[in-house]
Amino acid sequence: MGHFESPLREPLVNGNKTYKQITDDIVAGTTGPVGLLWLLATGVSGLVALFGVFCLVWTICYGIGTWGVNSTVGWAWDITNFVWWVGIGHAGTLISAILLLFRQKWRTGVNRAAEAMTIFAVICAGLFVMLHTGRPWDVFFILPYPNTRGPLWTNFNSPLLWDVFAISTYLTVSLLFWYTGLVPDFATIRDRAKLGSIRWKMYNFMCFGWVGSAKHWERWESLSLILAGLATPLVLSVHTIVSFDFATSIVAGWHTTILPPYFVAGAIFSGFAMVQTLMIVARKVMKLEDYITITHMESMNKVILLTGTMVGTAYLTELFVAWYSGSMIEQYAFANRAFGPYWWAYWIMMSCNLIFPQFFWVKKLRRSIYFTFFASIIVNIGMWFERFVIIVTSLHRDYLPSSWTSYSPTWVEIGIYVGTMGIFMTLFLLFSRFFPVVAIAEIKSILKVSGNQYRRDQMEEVKEEPAYQDADSRLTYKID
Amino acid sequence: MSTTKKYLVGMFDDDHTLLHAVDGAVKAGHKIDDVFTPFPVHGLEHKMGLRPTKIHTAGFVFGLTGLVIAFSLMAFASAINYPNNFGGKPLFALPAWIPIMFEITVLSASTGMVSVFYYLCNLYPGKQPKIIDARLTDDMFAITFDITKDSSLAAGFTDFLRHEGAVEVFEKEI
Amino acid sequence: MSNNKYWQSLEQRDETPEFKEQAAKEFQDEMPVFDYVDDTTKVESTGRRDFLKMMGFSISAAAIASSCKIPVKKAIPYVFNLDQSSRIPELVPGIADYFATSYAEGGDFSSILVKTRENRPIKIEGNTAAPFVKGGTTARAQASVLSLYDVARLTQPKKKGESITWEQADSEIAKKLTKISAEGGKIVIISNTNYSLATQKALATFKAKYPTTQVVTYDPVSLYAIRKANQITLGESIIPTYLFDKAKVIAGFNCDFLGGFVNATENAKRYSANRVPTKENPNMSRHYHFQSYVSITSASADYKHSIKPSQEKAVLMALYNKIAASTGASSLANVTISDLQESVNKLAAELLANRGESIVISGTNNVDIQLLTNAINAMLGNYGSTIDTAAALNLKQGNDEALKALSDDTSVKAVLLLNSNPVYDSVFADKIKNIITKAELSVSFADRLDESAELVQYITPDNHYLESWDVLEPKKGYISFVQPTINQLFDTRQAFVSLSEFAGATTTAYDLIKSAGEGFTTGFIASLGNTSWESALQTGFINNVSESASGSANLSATVSAINTKLPTSNGIEVIFYESVALADGKEANNPFLQEMPDPITRTSWDNFIALPYTFAINNGIKAMSQDSTVKTAKITLANKEVVLPVIISYGQAQDTVAIALGYGRSQGVGPAAFGSGQNVYPFLTYDNGTVSYSAGSAAYETLKGTHKMGMSQRYHTLQEDNNLYNRPRRFRNNIVKEANLEQFRKDDTAGNEDRAKIKDHLTTLYKGYDSPGHHWSMAVDLNSCIGCAACVISCNIENNVPVIGREEMSNTRSMHWLRIDRYYSGDPDNPDVAFQPLMCQHCDNAPCENVCPVNATNHSSEGLNQMAYNRCIGTKYCANNCPFKVRKFNWYDYQGNDSFGGWNDPTDASYMYDNLTRMVLNPDVTVRSRGVIEKCSFCVQRIQASKLTAKTEGRPLKDGDVKTACQTACPTNSISFGDRNDKNSEIHRIFFDNGRNYHLYEEQHFMTNVGYQVKIRNTDEEPEFTFVGAKEDKA
């Protein structure tokens, strides 16, 4: 049986919950009339998404010329947004996988939503991979398929190709992991519906006819464990590979070996921040305060503090290495970052990612919902700027001063970026309406060790198995 | 599966009680047909004496296959079938292939494993489940005994279940 | 299980031998095809295969017949047997034919070859056989092939905007002319300089018919003062040939003899001849330049001094006095030129040290100044040694006084505008406008509805020169032919034919020029032995100019004629100059020229106000524009005013501004010309006998407004914002290496010392690839490069490089495969300039190649960095990873690719969408789709062609077989190309024996295949790298 937690730990499930209440609370989110707030939110984000799609179509019709990029700065918002979204996509799998391996029970409250977030974020990221190419309709060239032009293969030495494999693998594995977790909970929702009703049929279809047999549970558990085991190195690999896009190039400011660890840390950093943002809203809207507790937030804030500091250290290391390398180009690249035309971007990055998270040393702030929410927004802004700084400031002034230029976005680029946010939010809202936002089964499985009233019982005296003691009294129950 | 079976079902409202009951049943030599729980109850499988699943072995095999395929594809494409000079780099650039080899390994391992899981559990979209009781995905736990062949066993099981603290005991044909 | 044997026929059952034989065949013999096959194709037995053959033939025949458009519609008629001779070879599709002809425009002349494909002119090449220019061309000559396919050209004669037939035009004009001349009314033919013998013959005929005819010749940019001065000094009003190759010391005064002035191509050739020191002969000429604005000539000078136009006379007088003092000639009134005296003394000393081996030259259209230069040259004995008066130039014959007289003439009854547009580009535009509008008859031969043609009654459009016949005499004793390379596209007629038609002499262009040519060249033909007319035409020229220079000057007459009164200088002085791209503006509608970045300021599509550095800073102009947006300013001069964008031109003289002529054309001139810049011809003034191209007491005012300027190099200098400016300086030292002649004499690796160390440190993990066969490489000599950009345009035309327009240029999306970077160093008010042509460096360790996910770019075994356009998906990763940023991305559909339907470039740059314009495209080079990367290919199509030629001739490739487009266009032979593996190739010598050779960022181990040769300046001081303009960044 699951390990025994010290009674001194705070509960992860508040209020005196029974299994039934847990079920009802969470299933409630998917039943009953649609909330006005939900409709409004979905409507707005839907519109934003539509505008994004319009800009996207505009780009495909006219060409990337409609963006602000130029001969010197070939990548700008497109890849910035791509890396940003991928980074955000890292929290989900990280929370479910790594924390599952470490048996961190506090994950159960948030992993479901976090995984959903991962998937939606990666979808948005994938959009930019497609779109940043000049000929999106030919993008299938990037797959190594046997063809009649042959012999003709892709370049397996290109980090961009690694990216394609990394992102698609990441998306697939996250999806499998997420859905397999959802299956028993779909069954729970199904059984709350009227037998044979549309709703019943729908959820039965989605849960593949799950009934919760002990055998299935056993396999289910070991599957989750191994998937977690696989997903953990995967999470680390994905952003490492994304960082290779830059690290393996010769552009000063990209060509640094520190990039992989620093990107992974950054990804976790921004991912957790985004989870915070969404959770704080979700728990209020869906009334899940009892399942997504302050404790959850505090633990996540601790991770943010840690990774933020790691990222910050990386920034400083970069500066040192640039100076220490003695390479004129390197030194100039970083001097130009900090004091060149894009100095403001650099300092926004520095203050948001390195300085601001340091507030989380203060427990009071760590546990303040409002501050956490604010901080999570700040961190996401900071991380967006980190990618912008890395990409644009390195490119716009490189080896030959004759080709130095500058960059500023057009409405099309901005539209697409905002649009992906719309797409992301729409998907998330739909998810929150039709899917169990908290992993019902997993919460139940930790109720006894981390549930509130059980804690109290454990505090007062150590009973053997309370439920079993007065078993006989139950014999009076009617049987037929 | 098509033939219906007759079960004696004992419903429990607490996982600890359930565990105890299962333990008792096994000790008493009653052959449990299956146990249904709303969430994975730790240690249940041991008490039931189920043999540990081999699902991870499948994962390993699939992973290995993926690794081999990835490597051989890249080696064939870059070094044999389409040898080209790209930036003066060697044709057989093993280090550069590691990322893709890794990704493909993980991909095939996980997809393979998941399909094996659904195959073993015989779960698939649109399957018509045999639901003993709707509460089993909510807050109730059940032990079932197969009494299709010999319904005379029912009485004995019933007593046992009651003694073990079943909140309900009933027969169900499904 | 029964084993029944099933059978279809008894034969089968009995398995007769016939059956077996039949069964072995898939088809039955004896298909009934004989019915429709005639006896010729009839064979013994028409089997299956024959049947298929016939079927295949008939089907494909049917397909061709039904699917092909009727070719006549779009095909260009061939130029066949114009004189029933078989001179023109039968057309071989896919094989280029070359025709010798001549390019003549304003002060620019060169004998050229025209490359035609399927009898469609697509490229201009220099005629290497021709003397003087020796294969050199200018950017304008290169671009002129595009103006043949100009959509703005008139397609038939017009009368007040209405289209009419030639017969109607001829009869009506002839009638009016007869009437006017009968009444003794004055007929004036206003013409720009023409040295066409055919035209002169036609004019003679015309005059004979209409005796009241008067021909007035003028030039938009006039050098009348030189002719006037030479009338005094040499006794004849000529412009001599300046032999820069014979000069050890050159002193230029506001004379852009490499870009504008006259005969720039020959000048460049001669000038560069002794500007390249070698280990064997470490000598080069020393070039002093006193300029008011920065031209490419002043940019390549060794000693530069900024002077106001009003100072020039004083400086020259000071110089004269200095030299007169030691040559014993009578001296002129003393002048004080304060700070410049020192440099004048230095110059004087060196001139005296090199008597007869120096040139003093001024481009200023002022008689006194020209007399002064003549006098100085005379004292130095340069006439007959470095100045050849025998080989007088016939270019720039414009007579300012005649034009003045005409403008005041009110009795003009008929005006014919021959190859001229006086309403736009003459100093008396307004008066001539009146004359034209008042005249009873006004005719223009313009090929388009230009500013003057708008006003005339009749337009009888002239041919483009590539459709024309002509005999030119650009230089006394040098005949260069013009022959058609294509049948005329429209219903146009050569001007001189029209002239003779008006005079009632019916003739064809060919007959006329043949008679003109022969009439003139009989003497030659005799002297040249049996050189026949045909072969002369084939060679393209007849040269009878003696190699040895001759000429003598009358010093005393010259000196006594000099008016020593110095001009007064007050307020801001404005200089009006010919830009390298557009010159006087005749080619303004050529998008290639409009898009060609100005060599100095690197701007395109507009003219601008060039401001001196300090002046600009004091007027709150920032040197750097982060987004190509620049301030605009207003220049007020004699109550005329013009508003233009301002650009800092480092080296522009203090309190002066310069504005290029030739912009601001009317709509009729064409889409590219219209809306580009402002016309500043109206600011020109006529002052005692000559047109003045500078004016004093102007008012300058910086305006609030801004302008999006086409900018290819936003960082005008190497200055950097904030306090980082010392870094780019160090950048610069690695990119453009410099040394002075003294250092070079001591050590031929001067300025390049670090290379040895770099090469020692190079090491690699990979064994790499060797190039067993050829290893194509290019070398660019920074010393002889004058930045004239002929290579850029040549590259554009050869490789179908798209035109993208102002907006896209301002987005720094220039598509030029070859660009010329410009670097400054030294004092921002008078910096040293270095030009660096930059094309794909074809690195053997190319960073772009590894990162392409789809293998769209790879490396050939001959060292070429290749692009597979159709494989490219446009991730732009390669462009980002290219350290030289020579990879260009097709941001929009610039070429009107059909597959994009209507989704064309939303900016205004639709110059290539039209079928007529696209006739210029080179069929050997893929037209790139939207969304793919493109870049310099080392003209791989030319390499391939040469290989095939060598193969058919059964010989190995020799050095010089392959010449890239940029290389052939270069007037100074700065670009060498060849096979590095070939031990006795020029490129091999440069790469392995030339101490000046270096590669960009060699320490990064890109292993580039393009080498640059250190720039050697002939100065006493070592080149300084103190870097320009950190000051105003604080401002």
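In what follows, every chain begins at residue 1, and chains take the letters A, B, ... in the order their sequences are listed. Just so you know, these numbers use all the heavy atoms, side chains as well, and skip hydrogens, waters and symmetry mates.
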Max heavy-atom pair count under 4.5 Å with chain B, selected residue of [options]:
| options | answer |
| --- | --- |
| A:Val164, A:Thr240, A:Val173 | A:Val173 |
| A:Leu234, A:Asp185, A:Val238, A:Val183 | A:Leu234 |
| A:Phe177, A:Trp200, A:Tyr179 | A:Trp200 |
| A:Thr154, A:Thr248, A:Leu195, A:Leu152 | A:Leu152 |
| A:Ser222, A:Pro159, A:Ala166 | A:Ala166 |
| A:Pro144, A:Gly209, A:Cys207 | A:Gly209 |

Can you name the closest pair of heavy atoms from [X] and [Y] and give their distance?
| X | Y | result |
| --- | --- | --- |
| A:Lys444 | B:Asp138 | NZ-O, 2.7 Å |
| B:Pro38 | A:Ala441 | O-CB, 3.8 Å |
| B:Gly126 | A:Phe205 | N-CD1, 3.5 Å |

Side chain / backbone / both / neither for [X] at chain A, heavy atoms under 4.5 Å:
| X | answer |
| --- | --- |
| B:Ile132 | neither |
| B:Phe141 | side chain |
| B:Asp34 | side chain |
| B:Phe76 | side chain |
| B:Ser108 | neither |

Portion of [X] that has a non-hydrogen atom of chain B nearer than 4.5 angstrom:
| X | value |
| --- | --- |
| A:Ser213 | both |
| A:Asn155 | side chain |
| A:Pro233 | both |
| A:Ile189 | neither |

Is there a side-chain contact between [X] and [Y], using heavy atoms and a 4.5 Å cut-off?
| X | Y | value |
| --- | --- | --- |
| A:Lys215 | B:Cys121 | no |
| A:Arg192 | B:Thr137 | yes |
| A:Val211 | B:Lys130 | no |
| A:Asn204 | B:Gln128 | yes |
| A:Arg190 | B:Pro129 | yes |
| A:Asn157 | B:Trp97 | yes |

Check: B:Ser78/A:Trp153 side-chain N/O donor and acceptor closer than 3.5 Å
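No, no side-chain donor-acceptor pair sits under 3.5 Å.
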
Does the A:Trp162 side chain pair with the main chain of B:Ala96, one donor and one acceptor, at a distance under 3.5 Å?
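Answer holds: yes.
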
Give the intermediate values and the outcome of side chain to side chain contact (heavy atoms under 4.5 Å, CB included) for residues A:Asp191 and B:Arg135.
CA-CA 7 Å; A:Asp191 291 342; B:Arg135 291 167 298 163; over 6 Å; no

Using side chain to side chain contact (heavy atoms under 4.5 Å, CB included), reason through B:Ile100 and A:Phe156 one step at a time and then give a plain yes or no.
CA-CA 8 Å; B:Ile100 292 182; A:Phe156 294 102; 3.8 Å; yes

Show your working on side chain to side chain contact (heavy atoms under 4.5 Å, CB included) between B:Met113 and A:Leu230 and close with a plain yes or no.
CA-CA 11 Å; B:Met113 230 169 21; A:Leu230 285 172; 4.1 Å; yes

Quick one: CG on A:Leu176 to OG on B:Ser115, what's the gap to the nearest 0.5 Å?
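Answer rounded to 0.5 Å: 8.0 Å.
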
At what distance, to the nearest 0.5 angstrom, does NE2 of B:His56 lie from CG of A:Leu227?
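It comes to 13.0 Å.
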
Quick check on the interface: out of B:Leu120, B:Thr37, B:Leu44, who has the most heavy-atom pairs with chain A under 4.5 Å?
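Going by pairs under 4.5 Å, I would pick B:Thr37.
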
Option passing ring pair (Phe, Tyr, Trp, His ring centres under 6.0 Å) with A:Phe208 (candidates B:Tyr124, B:Phe117, B:Tyr118)
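It is B:Tyr118, the one option of B:Tyr124, B:Phe117, B:Tyr118 that forms the ring pair (Phe, Tyr, Trp, His ring centres under 6.0 Å) with A:Phe208.
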
When you look at OH of B:Tyr119, are more than 12 heavy atoms from neighbouring residues, nucleotides or ligands closer to it than 6.0 Å?
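No - once you tally the heavy atoms of other residues, nucleotides and ligands closer than 6.0 Å, there are 12 at most.
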
